[in-house]
Q: 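Structure provided below as structure tokens; questions to follow.
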Amino acid sequence: MGNEQIGAIPLFMEPWLQNTNPIWLGTTLTLARNLDKFLFPNQLKPDPQKQIFNLLSNLLIQQKAFAGGVVKRSDECQPVDRDYLIEHFFLPPQQMQGSHGSGFVLNSNGNLLASINLDNHLMIHKIDKDGQLEKHYQAMLPVEEAVERNLGFAFSNRFGYLTALPEMAGCGLKAKALLQLSALIHTQELTGVLEKEAKEGVEAFPLFKDHSDWTLDIVVVENRYCLGITEEGILSSIRMFAEKLIDSEQKKRAEIQSKPSNELKDKVSRAFAVLKHSYQIDAKEAMNALSLIKLGVLLGWVSGVDVPLLNELFFRIRRAHFLKMSGENISPEALLHRRAEFIQKKLEKLSCSL
Amino acid sequence: MQMMNDIFSDIPKDRPFECNECKKPVKVLYTEVVGDKISQTVMCNDCPELEKRLHGLSKIEIQAKIAPVEGLCCGSCGTTLEAIKTGHPLGCAECYAVFQDIVFQDLLKEGRIPTRLAQLKPQETLHIGKMPPTGEHLSPSSKLIALNEALQATLAKEDYEQAALIRDQIKQLTEKKQDGE
């Protein structure tokens, strides 16, 4: 491993370490706000953009939640930093197109991020590994309220907090639960369960919406409504829908354990072989194989690795995380082999009893 | 060129520099191989850069010759109805007042607000969540707006001494305080 810091933003692995959760992989919350009386970022000229960046970043870094954190302008960041934030915070890539006058404030734990002058003047992102949505939302509020007290937000009685994209106007809150529903996906029962449990105002989709497959066996549960609903309503509707999906997944896993299918055993065996013996492997193939191994561990077919390590590897093997962890500028071609080597080292005690 | 379906690729992909501020979703992955160097650029469907690379000219250069479409327009930021209909974001708080009916209808059509709100009369409140704190005070953002306007006015009058004073006030409001202040 090298010693170079890759990119401008240091690597944080929290909160994704020591995650023992077999199904609920993580939670992300985003609060979107625009400052009162300023044009939204897409219409701002460079000077007001820089002024807003300075105003907001100075105010945010003084908040307790961001104590010891880092402030980075977009022009100080490299593409690997942008990719790291996308990977770490599960952000949609199209939201991370920054121009001069935009930037980030990241806290010292790596679980709270404020992006400035991207889609909106301010977007606060909180991530965590458990499903305590209400607790995480409460943790964001002191930051949001401090900015509101000092600077004021664009608000209308009709549409609530005003955002550049109207679909976020109102509460300006997007909450996501990331669930690994491997048993339902690999037995082709997920679609039926989603239709049966469908709830108004909540949607379920793959890790990235423009993918047709369930990468990493992750189902993202997110609120469709930000307007005409309270913040508590958003969080409770997501939690209720997620709990129904988790219940279905647990039942399916129990069913598989008592009556395992050859097809699923074959998928887990192949995943084992791919991870143990590939000379090179891309992130998507590795992540899909790891999620099958995780299912295999939980069903008792695979041993020699625990769930926290597998949950950690889902992040470590992503390109930007891997480059920052390695401390070297690895070429794309070499990265494929280095990733395969890294996985084999981490999973050297992995064994499959099928 | 391939449809953008692999964001887990190990080859870094960037938008063309001219298109850094495009808000449209990425739909196209443009791969260029020159010798042994591979570069990948991501673009939206209507990207003028894509047109240039494929055909040597952009649609926008052709469309620039066509007269601008007349219609509703926000007086504060210049955002047009046409822009909103083609997926562009709103430009300011005033847009919500100017385009409120269209915004409401679009949110309803896209299933972004509860169906019970379809029965509401125009102008009725839709938001039932958190409210801002009440209390009149001149926020720093309002002061900043006022100072910027004053700066433009003094520069127009070529009163550079006054402009320098205003610029110092803007700097004080937006930059970090020194230790000990």
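To find a chain, count down the sequence lines: A is the first, B the second, and so on, and within it residues start at 1.
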Q: Got a second to check how far A:Tyr225's OH is from B:Leu107's CG, nearest 0.5 Å?
A: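 The CG atom of B:Leu107 is 11.0 Å from OH of A:Tyr225, to the nearest 0.5 Å.
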Q: Given heavy-atom pairs under 4.5 angstrom as the criterion, report whether the side chain, backbone, both or neither of A:Gln62 touches chain B.
A: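 Neither part.
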Q: Give a yes or no answer on whether the side chain of A:Glu167 reaches the backbone of B:Arg112 with a donor-acceptor pair at less than 3.5 Å.
A: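 No; zero donor-acceptor contacts below 3.5 Å.
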Q: Taking the side chain as every heavy atom from C-beta outward, state whether B:Pro132 and A:Phe153 have any pair of such atoms under 4.5 Å apart.
A: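 No, their side chains stay 4.5 Å or more apart.
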Q: As an exercise, state the distance from SG of A:Cys171 to CD1 of B:Ile128, rounded to the nearest 0.5 Å.
A: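 If we round to the nearest 0.5 Å, A:Cys171:SG and B:Ile128:CD1 are 7.5 Å apart.
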Q: Select, from B:Ile84, B:Thr115, B:Leu117, the one with the greatest count of heavy-atom pairs under 4.5 Å involving chain A.
A: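 Option with the greatest count: B:Thr115.
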Q: Name the region of B:Leu126, side chain, backbone, both or neither, that has any atom closer than 4.5 Å to a heavy atom of chain A.
A: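 Both backbone and side chain of B:Leu126 come within 4.5 Å of chain A.
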Q: Side chain, backbone, both or neither: which part of A:Glu203 has a heavy atom under 4.5 Å from chain B?
A: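 Contact with chain B is through the side chain of A:Glu203 alone.
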Q: Check each atom of A:Leu165 against the heavy atoms of chain B and say whether the ones under 4.5 Å are side chain, backbone, both or neither.
A: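 Contact with chain B: backbone and side chain both.
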Q: Taking the side chain as C-beta and beyond, is there a heavy-atom pair between A:Pro166 and B:Leu90 under 4.5 Å?
A: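 A:Pro166 vs B:Leu90: side chains touch.
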Q: Using every non-hydrogen atom in the two residues, find where B:Met131 and A:Phe155 come nearest and quote the distance to one decimal.
A: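 Scanning both residues completely, I find the closest heavy atoms to be SD-CZ, 3.6 Å.
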Q: Given a strict heavy-atom distance threshold of 4.5 Å, which part of A:Thr163 is in contact with chain B: side chain, backbone, both, or neither?
A: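 Answer is both: backbone and side chain atoms of A:Thr163 are under 4.5 Å from chain B.
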Q: Any non-hydrogen side-chain atom of A:Thr230 less than 4.5 Å from a side-chain atom of B:Lys130?
A: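 Not touching, per the 4.5 Å side-chain cut-off.
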Q: Top residue by heavy-atom pair count (under 4.5 Å) with chain B, among A:Leu335, A:Asn223, A:Leu35?
A: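 Going by pairs under 4.5 Å, I would pick A:Leu335.
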Q: Which pair of non-hydrogen atoms, one from B:Pro89 and one from A:Asn42, has the smallest distance, and what is that distance?
A: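 What the structure gives for the nearest pair is CG-ND2, 3.7 Å.
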Q: Using the ring of each side chain (for Trp, its six-membered ring), is B:Tyr96 parallel, tilted or perpendicular to A:Phe159, with breaks at 30° and 60°?
A: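 Plane angle between 30° and 60°, so tilted.
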Q: Donor-acceptor check, side chain of A:Asn34 to backbone of B:Cys92, threshold 3.5 angstrom: yes or no?
A: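 A pair under 3.5 Å: no.
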Q: Salt bridge check, B:Glu110 against A:Arg224: does any charged N sit closer than 4.0 Å to a carboxylate O?
A: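 Salt bridge between A:Arg224 and B:Glu110, a charged N being under 4.0 Å from a carboxylate O: no.
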Q: Tell me, side chain or backbone of A:Gln78 under 4.5 Å from chain B's heavy atoms, or both, or neither?
A: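 The answer is neither part of A:Gln78.
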Q: Is A:Ile317 in contact with chain B via its backbone, its side chain, both, or neither, using a 4.5 Å heavy-atom distance?
A: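 Interface part for A:Ile317: neither.
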Q: Do the non-hydrogen side-chain atoms of A:Gln51 and B:Ile170 ever get within less than 4.5 Å of each other?
A: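 Yes, close enough: below the 4.5 Å cut-off.
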Q: Drop me the distance from A:Phe40's CZ to B:Glu94's CD, to the nearest 0.5 angstrom.
A: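 Between A:Phe40 CZ and B:Glu94 CD, I get 10.5 Å after rounding to 0.5 Å.
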Q: How far does NE2 of B:His127 sit from CG of A:Leu162, to the nearest 0.5 angstrom?
A: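 Result: 9.5 Å between the selected atoms.
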Q: Nearest heavy-atom pair of B:Pro114 and A:Gly228: which atoms, and what distance?
A: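 Smallest heavy-atom distance, with atoms named: CG-O, 3.6 Å.
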Q: So do the side chains of A:Gln43 and B:Thr79 get within less than 4.5 Å of each other, counting heavy atoms only?
A: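 They are in side-chain contact.
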